[in-house]
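Read the structure below first, then the notes.
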Amino acid sequence: MKSSYFPQEIEKKWQKIWEDEKVFKTPDESDKPKYYALSMFPYPSGKLHMGHVRNYTITDVIARFKKMNGYNVLHPMGWDSFGLPAENAAMKHGANPGVWTDENIAYMTKQLKMLGLSYDWDREVTTCKPDYYKWTQWLFLQLYKKGLAYKKEAAVNWCEECGTVLANEQVIDGKCWRCDHVVEKKYLSQWFLKITDYAEVLLEDLDKLTGWGDNVKTMQANWIGKSEGAIFRFPVIDCDEVKEIPVYTTRPDTVHGITYLVVAPEYKDIEKLTTPENKEAVEAYRANARKMTEIERLSTERIKTGVPLGTHCKNPFTGEIFPLWTADYALAEYGTGAVMAVPTHDERDFDFAKKYNLPMKVVIQNPENPSDCKNEAYVDEGVLINSNEFNGMKNTEAKKAITQKAVDGGFGEFKTQYRLRDWLVSRQRYWGAPIPVVYCEKCGIQPVPEDQLPVMLPEDVDFSVVGKSPITTSKTFTETTCPICGGKARRETDTMDTFVCSSWYYLRYSDAKNDKLPFSKDKVNHWLPVDQYVGGIEHAILHLLYSRFFTKALRDLGLLDFDEPFKNLLTQGMVLKDGSKMSKSKGNTVDPDEIFQNYGADTARLFILSDSPPARDFDWSDAGVEGCYKFLNRVWRLIASNAENISVNVSVPASLKKENDDLIRLVHIAIKGITNDISNDFQFNTVISKYRELVNSIYDWLGKKSSLDNEDKAVLSFAVITLLKLMSPVAVHLTEEAWHELGGEGSIHSQKWCEWDENLAKASSITLVVQINGKLKDKIDVDEALSQDVLKEIALNSPKIKELTDGKTIVKVIVVPKKLVNIVVK
RNA sequence: GCCCUGAUGGCGGAAUCGGUAGACGCGUCGGACUUAAAAUCCGGUUGGAGUUAAAUCCAGUGCCAGUUCAAGUCUGGCUCAGGGCACCA
């Protein structure tokens, strides 16, 4: 064994051997229980960044740990390879996006292999390849047939910079998630997936996800945004065309306090509800609302504005007549697009009524400040007043009673409302899976027959066009025939949102080469759900919600038999440098290639796991890398300079010298601690500190020996071999090299994980802590078998304790066996 | 405004059930080896008081209360930071 550690040399060597011998291939058939470990697959942007390194290292260590613990582990990798950057690069260089993408995949694959990740590359999936997107299209058609994919004209989010529409989930603070450009509203006919059909079950099943963090679950719950309330229909008294206006409210208890009603400027019947005298003002107001960006419109800071329509409604509960207004604080897309206004018990209505001097009527009594809603709305609980037969009722009860009255009277019903909207999946871009439908003048929208899939992306496109999707420039693509009548037809030129492709890739890994189906039911049911999913928190809503929806929809289509895709989710923290996120614009990025070259992959892996628990942000420091490199050198030296005294196949005698027994105990403590730390939330940072403790202990032990007898050699061998196995999931190359140098057979990564003996996984004696009034006063080494009474005597007789308790009254003595004695004195 | 997460030395962080606060590392200080440096090894490192040095004592886990023999850990009330949602009726 070489006396110095040359990571670059040994890493290359073992990566080749592992690949040649297919050490990490996962058989479908096995006697072992299955375990599916998955990292969120990357977009092939060009190079790995440290966030990738962290993500994949975490999952890799989990996969290796489970493999050594007797599981048949599925640990695949693939590429989320459709999307705008490839298309933009193509436009810039005039090349096909596929070429750019392939080059990036090739480079990043090389990097992943340099990191020593244990992937089964035979299962690789690439979403932009026809053998994958064929099945994305096929799944789209299944959803279409079930009525879960549909086309409609709607106000949609448009990003001018990207030249395409966006899903609601892709609009962050009114801006495009990718380019930060301000998003506009446009009326367009677009394809949607009916995720709203699953709103309730997506929300309910969050409770089943015990292996997910609360943060992600609450974010999803907030996004789904369930609220319970009522629909009330208000008769319009002075309009011939519109008989009634339905409103949604969560406060049916305040219905007797309505003093006006607001409809959104985009409300469908607004023109009919406007009297001729008000027409000009209403038109002007609506025109202005259209001009505003989403950000301006939704700002809560803005002073509320509105104009009256001139028409009136009647309150079926009171008979009172109140005016109709339009105001942009009412949203067309939520509820019915109309709001009943109760200024006394809603802050927004209050502000509006104040500004326009609209009347107010208190109907819920504030128990602390009766009848006063002069300065602000009272929105909390109370008792009803001015509400006819409901007076005196608690408002929480009145909600139900009042809605029931509306139901009985035929002018309302109970209603559950969700914030979640259907998922807009069409994109006006080239580099995506083509939506497999055609438009026939005679037969209308027709799905492409399944035996004609995939609808291939055309090659004869002009990427230099501006203002429209490059795909529209291909004549061979757009001009087609109708599958029903054979007549002239036009092909859909929109492609699918890349999030559609990534909503099912984890299913494809179970059966990646299937050319008859996206996956066989048997295989997908065997491997799924994913036992451990690891990725960034930025997908808390987007990818994770879409994937849950897909799984449920595919289950209802009979394609699989489970209802949640990811059993356990680990959202790793960001990789920071100098306290802020690594980014090119800040110039604080660290290139993984450089770390591999200077220190080797094992150092990179060790460091990225060492300083913070996986869920927390991780601050990259050059000194920290250096420290990990030094540690690996220290481990190498330990083995290299004692190699002749260490052998793989040595058994430790039952009876040992004291110092040897102590070391054996420390090894068992390490096995137990490390195994538990990995099992509990993957606390790799403490795992690594335990590696260091064990190495320090072995060095200390060696330092006390001038020569080694056979017992010593056996003990040293046990300690070092155990250390190697414990470190093998992290320092994958170093441990493999050392394992073989010491005579190990096969790969260390195929060895069984170490077991500990509970009797040995503790020190031979224990330290008894003696407290007086809960404060530490003395420590005494004692035998662990001693009874409580004896421990009490020992504590009370300690010279130090005697001195401190002298002249004081001992009120009470608390003895915690094997641990502590607390003496309470006055 | 609502929701989630968090707050422990100079720094990252550790601490099964409430039971020795600060494991391990980084940084730093001192020492050994060396002509010298690097590398390596050994030791100190929460603050304050104390001492030639030690012993020792006091305070201490964001703040204020509480429960308990005992609180970083449990309860109540705050403060601050990060993240999510937000004119959603």
Side-chain angles (χ1 to χ4, degrees), chain A residues 4 172-173 213-223 225-227 229 247-251 254 262 264 297-302 304 327-331 333-342 345-349 351-352 379 417-421 537-538 540-541 573-574 576 579 607 610-613 615-628 630-631 633-634 637 673 676-677 680 683 685-696 699 703 767-779 800 811-816 818-825:
Chain A
S4 298
I172 314 288
D173 290 335
D214 282 341
N215 53 344
V216 178
K217 288 196 277 187
T218 350
M219 278 161 77
Q220 291 211 356
N222 287 345
W223 189 259
K226 181 179 181 174
S227 73
V247 305
Y248 172 74
T249 179
T250 54
R251 293 298 304 272
T254 64
V262 183
R297 170 90 186 260
L298 294 181
S299 164
T300 49
E301 312 292 302
R302 229 174 92 238
K304 291 178 180 39
D328 60 11
Y329 79 90
L331 305 172
E333 315 93 74
Y334 186 77
T336 64
V339 187
M340 60 177 229
V342 184
H345 305 298
D346 181 283
E347 284 164 16
R348 294 152 302 184
D349 298 342
D351 292 346
F352 192 82
V379 296
Q417 184 75 36
Y418 302 90
R419 244 175 41 95
L420 184 71
R421 310 285 154 74
I537 187 77
E538 67 273 17
I541 295 171
M574 284 187 299
L576 311 176
F607 177 56
S610 66
D611 266 6
S612 299
R616 263 201 246 181
D617 286 350
F618 175 87
D619 210 338
W620 183 276
S621 83
D622 296 335
V625 184
E626 199 72 43
C628 285
K630 280 184 190 171
F631 173 66
N633 273 285
R634 190 165 145 85
R637 275 196 309 275
N676 287 342
D677 284 355
N680 294 333
Q683 295 177 50
N685 55 328
T686 56
V687 167
I688 287 160
S689 70
K690 281 167 184 148
Y691 293 160
R692 293 177 187 274
E693 284 176 42
L694 183 54
V695 170
N696 290 345
Y699 267 111
T767 304
L768 182 72
V769 171
V770 186
Q771 299 177 327
I772 292 178
N773 290 344
K775 297 205 171 183
L776 174 71
K777 293 295 168 187
D778 201 5
K779 294 181 197 178
K800 204 168 155 193
V811 183
K812 204 172 175 185
V813 178
I814 310 234
V815 182
V816 182
K818 297 180 193 178
K819 214 169 228 169
L820 146 157
V821 175
N822 187 16
I823 301 158
V824 187
V825 299

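In this text the structure is predicted, and so the values were computed from the model without any measurement. Chain A is the first sequence line, chain B the second, and so forth, proteins listed ahead of strands; every chain is numbered from 1.
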Spacing between [X] atom [atom1] and [N] atom [atom2], to the nearest angstrom:
| X | N | atom1 | atom2 | value |
| --- | --- | --- | --- | --- |
| A:Lys775 | B:C58 | NZ | P | 6 Å |
| A:Glu333 | B:A89 | CD | P | 14 Å |
| A:Ile814 | B:C69 | CD1 | C1' | 4 Å |
| A:Glu626 | B:U28 | CD | P | 12 Å |
| A:Ile537 | B:U5 | CD1 | P | 12 Å |
| A:Leu576 | B:G83 | CG | C1' | 13 Å |
| A:Glu347 | B:A86 | CD | C1' | 13 Å |
| A:Trp223 | B:G83 | CH2 | P | 18 Å |

When you measure from the side chain of [X] to the backbone of [Y], do you find a donor-acceptor pair of N or O atoms at a distance under 3.5 Å?
| X | Y | value |
| --- | --- | --- |
| A:Arg348 | A:Asp346 | no |
| A:Gln220 | A:Ala540 | yes |
| A:Asn773 | A:Val825 | yes |

Please check if the number of heavy atoms outside A:Lys818 that lie under 6.0 Å from its NZ is greater than 12.
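Not buried by this count: 12 neighbours or fewer within 6.0 Å.
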Ignoring the backbone of [X], work out which of [options] is nearest its side chain.
| X | options | result |
| --- | --- | --- |
| A:Arg634 | B:C69, B:C41, B:A23 | B:C41 |
| A:Val339 | B:C4, B:U20, B:A89 | B:A89 |
| A:Asn215 | B:C88, B:G84, B:C4 | B:C4 |
| A:Arg692 | B:C24, B:A89, B:G19 | B:C24 |
| A:Lys777 | B:C41, B:C58, B:C4 | B:C58 |

The dot-bracket string of RNA chain B, counting Watson-Crick and G-U wobble pairs with both distances under 3.5 Å, using [ ] for crossing pairs and | for pairs to another strand, is (((((((..(((......[....)))((((((.......))))))((((......))))..(((((..]....))))))))))))....
Practice item. Report yes if a donor N or O on one partner sits less than 3.5 Å from an acceptor N or O on the other, where the partners are the side chain of A:Asn222 and the base of B:C85; otherwise report no. Key: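 No pair found.
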Quick tally for nucleotides 9-17 of chain B: nucleotides whose base has a protein heavy atom under 4.0 Å get B, sugar-phosphate-only ones S, the rest -, giving ---SSSS--
For this session: Give A:Arg348 one of three labels, base, sugar-phosphate or nothing, depending on what nucleic acid heavy atoms sit under 4.0 Å from its own.
Result: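 Base: the residue A:Arg348, judged by heavy atoms under 4.0 Å, touches a nucleobase.
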With sequence neighbours excluded, what pairs up with A:Asp617 under the side-chain hydrogen bond (donor to acceptor under 3.5 Å, both in side chains) test?
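Once residues adjacent in sequence are excluded, A:Asp617 has no partner under the side-chain hydrogen bond (donor to acceptor under 3.5 Å, both in side chains) criterion.
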